[in-house]
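Each remark here refers to the structure printed beneath this line.
Hydrogens, waters and symmetry mates are skipped; everything else that's a heavy atom, side chains included, is used. Lettering of chains follows the sequences in order, A, B, ..., and the numbering in each one begins at 1.
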Amino acid sequence: MPRTNAEVQALLQEYADLVRISGGDAFKARAYEKAARAVGGHPADVAGLDVKELREIPGVGRSIAEKIVEFLSSGQVSAVEERREHIPAGVRELIAIPQLGPRKAMLLHQELGISSVDALVAAIHGERLRDLKGFGEKTEQNILHGIELLRASGGRILLDAAMEVAERIVGELSALPGCERCAYAGSLRRMRDTIGDVDILVAAEASAPFMAALVALPEVAETLAHGEKKTSIRTAKGLQVDLRVLPPGSWGAGLQYFTGSKAHNIRTREIAVRRKLKLSEYGLFHAKSGRKITSETEEAIYERLGLPWIPPTLREDRGEIAAAERGELPDLITEDAVRGDLHTHTDLTDGLSSLEAMVEAAAARGYAYFAVTDHAPDLAMQRMTQEKMLAQRARVRELDRVHRGMRLLHGTELNIGPDGEVDWPGEFLAGFDICVASVHSHFNQSRDRLTRRLVRAAENPYVSVIGHPTTRRIGKRPGLDADFDAVFEACARTGTALEINSHPERLDLCDDDILRAKTYGVKFAVNSDAHSTTHLPYLRYGIGMAQRGWLTDEDVINTWPLGRLRRFLRPG
DNA sequence: GCCGTTTTCGGCCCGACTGTTTTCAGTCG
């Protein structure tokens with residue numbers, strides 16, 4: 001997504017929140033929210049568009065277009081500033097807590113003067129909430145639980161947000177004279193699902209110009225350290241970025257060291273010690289003489305430790321060293337190996353892009369096949385009908401004839417009901433090329449019931465893929481409390497694939513689940529769940545998760561040729 | 001605030017669940 005679009009999206013969303021908190025017109029708030037989403041999913045950069053061009057974005061009318069133009073020219077919007085004056089930023093933070101919405105947040109502020117999460121926790125412990133109208137003991141407990149959840153992410157941020165910052169900084173620093181190498185390392189290079197801080201490495205003779213360039217970046221809110229070897233900043237959004245400049249000869253050792261994980265590095269250093277060597281961020285040395293053996297590339301360092309190069313996504317001390325020693329590292333799936341996306345939406349339901357635009361964007365990514373899987377009617381807000389689905393199918397078949405290089409599959413994302421049932425009867429499901437089925441409601445059922453529900457969905461002959469199986473939303477909602485071993489076993493038995501949903505807020509299944517599921521012999525599908533053409537590239541994050549789960553092409557059905565995929569999708 | 005093949009007003013995605021009420025407001029997907 002272009003950076004400006006993301007900024008405008010955040011601003012419009014903030015305005016929507018502020019309208020809601022101040023008790024303004026709910027429809028007005030919704031209009032801003034809708035426009036925020038539309039700008040976020042708009043394929044072209046909004047920077048440089050005028051009012052007339054902006055109004056062509058669906059959901060953006062005169063008033064919002066003018067606010068966007070004001071933002072583009074001055075960096076702020078007076079209407080937003082005005083509302084910010086009346087509502088402390090801390091009050092808006094409160095609505096990030098699950099179970100706590102704008103009305104309750106405003107009541108807390110007005111009645112108890114609460115304007116931060118900390119103050120809220122103190123008020124709950126002082127049992128001051130239960131006297132408010134609409135609050136009770138149970139509400140206090142729910143809010144506390146929500147805060148725990150929010151804090152469980154430990155201030156870590158989502159993978160895509162960190163990636164965006166890191167790639168932009170790497171781009172800026174790479175362009176400076178004297179830059180021999182530049183890359184991000186750390187948990188971002190290992191593609192963990194959330195990121196604590198961003199580590200950036202530069203190989204250059206002189207460090208000062210790079211340090212100066214980092215602190216001068218526009219998104220820097222605070223400089224935490226500014227030295228010769230290391231400089232740290234914090235961005236306006238609270239993300240810490242550490243920059244280290246290494247002598248070009250130490251590049252490989254530095255990259256290996258700062259990529260981690262800590263546990264992986266401990267293992268590699270132990271191997272070095274056994275070989276009477278010493279490994280540090282400066283290189284691999286003879287323990288006794290201190291003479292340097294190598295430091296220029298990661299490959300050379302691993303080689304001198306008697307190991308093949310280990311992909312960063314495996315460096316978690318989960319058996320990768322032993323596998324490397326035996327020459328049994330998996331031949332990991334790559335994004336290039338993916339032949340098509342099997343879970344995407346259009347503006348027929350809650351997507352932002354038309355069918356035609358989604359198909360164009362998929363073709364541009366070089367896919368051999370592409371499935372359109374809009375929501376089924378039990379997600380009531382989508383107002384789906386059989387007639388709408390059949391009309392879409394007819395259009396998909398037409399487009400399929402036009403796109404000779406790419407086969408289009410017509411599918412749907414079904415809702416797994418409270419007892420494992422899905423939206424439509426078998427006769428209608430038989431008409432789809434692919435059915436993904438996902439849980440979208442009743443998250444708090446008992447463990448037994450949730451398990452039976454998912455198993456029953458896997459046993460449905462028309463269901464080929466279980467979408468975002470745990471339904472977690474990072475920092476917002478934990479995964480379902482079900483017996484997933486039973487679910488994985490059922491999927492293996494019935495030939496139902498488990499999705500690796502690539503949306504940065506989901507990444508579901510996550511790496512640990514994938515590793516466990518794989519032991520049952522399950523197949524997987526790495527999908528974007530795109531709701532806009534701009535979301536199709538999310539696939540890279542799902543691929544990261546799949547690599548962290550040690551998956552190969554063979555494990556993932558959407559790397560397979562179309563014929564083999566179709567046989568897998570066949571009901572039964 | 002947006003939108004329009006019932007078009008410049010009067011609708012706006014709908015339904016369920018929870019915890020608080022005693023007939024409903026707030027939150028969520």
Side-chain angles (χ1 to χ4, degrees), chain A residues 8 11-39 51 54-68 70 77 79-80 83 94-108 129-146 149 345 347-352 374-385 388 413-419 423 438-446 449 467-468 471-473 475-478 480 501 503 505-506 508 529 531:
Chain A
V8 172
L11 190 83
L12 294 176
Q13 180 62 53
E14 180 183 349
Y15 194 69
D17 290 343
L18 294 176
V19 168
R20 277 214 180 87
I21 292 170
S22 56
D25 179 11
F27 290 113
K28 180 172 164 179
R30 189 184 292 174
Y32 275 95
E33 203 157 53
K34 195 177 166 207
R37 238 179 129 241
V39 170
V51 168
L54 286 166
R55 290 191 65 183
E56 284 168 24
I57 300 172
V60 177
R62 172 164 303 282
S63 173
I64 291 180
E66 283 170 354
K67 287 190 177 74
I68 296 175
E70 185 188 347
V77 177
V80 179
R83 299 226 178 214
L94 296 181
I95 67 171
I97 300 168
Q99 312 291 323
L100 195 57
R103 309 308 289 265
K104 284 197 161 83
M106 195 55 186
L107 197 68
L108 289 171
L129 261 59
R130 54 187 65 178
D131 300 330
L132 291 181
K133 187 172 162 54
F135 287 78
E137 271 184 60
K138 190 76 185 182
T139 315
E140 289 180 345
Q141 291 316 308
N142 283 343
I143 291 175
L144 268 187
H145 180 69
L149 224 124
H345 298 272
D347 59 7
L348 182 63
T349 54
D350 59 349
L352 298 160
D374 270 315
H375 288 289
D378 289 355
L379 204 60
M381 60 184 178
Q382 306 300 347
R383 290 182 154 179
M384 181 50 72
T385 62
K388 283 191 189 175
E413 183 185 14
L414 300 166
N415 305 287
I416 302 175
D419 294 306
D423 308 61
S438 319
V439 170
H440 293 117
S441 63
H442 303 85
F443 306 113
N444 294 320
Q445 290 177 329
S446 71
R449 197 159 172 210
H468 46 76
T471 80
R472 76 161 176 171
R473 290 182 64 206
K476 294 191 175 161
R477 187 174 67 208
L480 298 174
N501 188 297
H503 195 290
E505 204 175 67
R506 291 193 184 271
D508 179 13
D529 195 2
H531 283 67

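- Remark: B:dG26 base-pairs with B:dC17. Criterion, Watson-Crick or G-U wobble with two distances under 3.5 Å.
- In terms of position along DNA chain B, the nucleotide closest to A:Leu132 lies nearer the 5' end than the nucleotide closest to the other residue of the pair A:Gly101 and A:Leu132.
- Here the C1' atom of nucleotide B:dC28 and the CZ atom of A:Arg103 are 16 Å apart, to the nearest Å.
- If you check every strand for non-hydrogen atoms under 4.0 Å, A:Asn444 touches nothing.
- Note: NZ (A:Lys28) to C1' (B:dG1) measures 7 Å, nearest angstrom.
- Rounded to a whole angstrom, the distance from the C1' atom of B:dT22 to that of B:dC28 is 24 Å.
- Side chain to side chain, A:Asp423 and A:Asn415 meet the donor-acceptor criterion of an N or O pair below 3.5 Å.
- One atom, NZ of A:Lys104, and another, P of B:dT18, lie 14 Å apart when rounded to the nearest Å.
- Spacing between atom CZ of A:Arg20 and atom C1' of B:dC28 amounts to 11 Å, rounded to whole angstrom units.
- Of the possible donor and acceptor atoms, none in the side chain of A:Arg55 sits under 3.5 Å from a partner among the backbone N and O of A:Ala65.
- A:Glu137 comes within 4.0 angstrom of sugar-phosphate atoms only, judged by non-hydrogen atoms across all strands, and of no base.
- Residue contacts for A:Tyr15: at a heavy-atom cut-off of 4.0 Å it reaches no nucleic acid atom on any strand shown.
- Checking side-chain atoms of A:Arg103 against main-chain N and O of A:Ile21 turns up no donor-acceptor pair under 3.5 Å.
- The distance from atom CG of A:Asn415 to atom P of B:dG15 is 14 Å, rounded to the nearest whole Å.
- Rounded to whole Å, the separation between the P atoms of B:dT27 and B:dT21 comes to 15 Å.
- Between B:dC13 and B:dC3, the distance separating the two P atoms is 12 Å to the nearest Å.
- Remark: A:Asn142 is not in phosphate contact with B:dT18, judged by side-chain N or O atoms under 4.0 Å from OP1 or OP2.
- Taking the six-membered ring where tryptophan is involved, the planes of A:His468 and A:His440 are perpendicular, since the angle between them exceeds 60° and thus also 30°.
- Judged purely by atom type and a 3.5 angstrom limit, A:Asp508 has no side-chain atom pairing as donor or acceptor with the backbone of A:Asn501.
- Note on A:Arg477: only backbone sugar-phosphate atoms sit closer than 4.0 angstrom, heavy atoms only; bases stay farther off.
- Heavy-atom minimum distance, A:Lys67 versus A:Val77: O-CG2, 3.4 Å.
- Regarding A:Lys138, its NZ atom lies at a distance of 15 Å from the P atom of B:dT21, rounded to whole Å.
- Close to B:dA16, at under 4.0 Å from its OP1 or OP2, lies no side-chain N or O of A:His442.
- When rounded to the nearest whole Å, the span between CD of A:Gln445 and P of B:dT18 equals 10 Å.
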List, one per line, each side-chain donor-acceptor pair under 3.5 Å for residues 130-138 of chain A, sequence neighbours excluded.
unit_1	atom_1	unit_2	atom_2	d
A:Arg130	NE	A:Glu140	OE1	3.2
A:Arg130	NE	A:Glu140	OE2	3.3
A:Arg130	NH2	A:Glu140	OE1	2.8

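- In this structure, A:Tyr32 reaches the sugar-phosphate backbone alone: every heavy-atom distance under 4.0 Å involves primed, P, OP1 or OP2 atoms, never a base.
- In this structure, NE2 of A:His345 is placed 19 Å from P of B:dC13, rounded to the nearest angstrom.
- The C1' atoms of B:dC9 and B:dC17 are separated by 34 Å, rounded to the nearest whole Å.
- Taking the C1' atoms as reference points, B:dT6 lies 16 Å from B:dC12, given to the whole Å.
- Looking at heavy-atom distances under 4.0 Å, A:Ser441 makes no contact with the nucleic acid at all.
- Screening residues 30-39 of chain A for salt bridge (charged side-chain N to carboxylate O under 4.0 Å, His left out), with sequence neighbours left out, gives A:Arg20-A:Glu33.
- A donor-acceptor contact shorter than 3.5 Å links the side chain of A:Gln445 to the backbone of A:Pro418.
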So which protein nitrogen or oxygen atoms get under 3.5 Å of nucleotides 8-10 of chain B's nitrogens or oxygens?
none

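- When heavy atoms are screened at a 4.0 angstrom cut-off, A:Val19 is found touching no nucleic acid atom at all.
- In this structure, the nucleotide among B:dC2, B:dG19, B:dT27 sitting nearest to the side chain of A:Thr139 is B:dG19.
- B:dC2 and B:dT8: their C1' atoms are spaced 12 Å apart (whole Å).
- Closest-nucleotide positions on DNA chain B for A:Arg506 and A:Arg130 were compared, and the one nearer the 5' end corresponds to A:Arg130.
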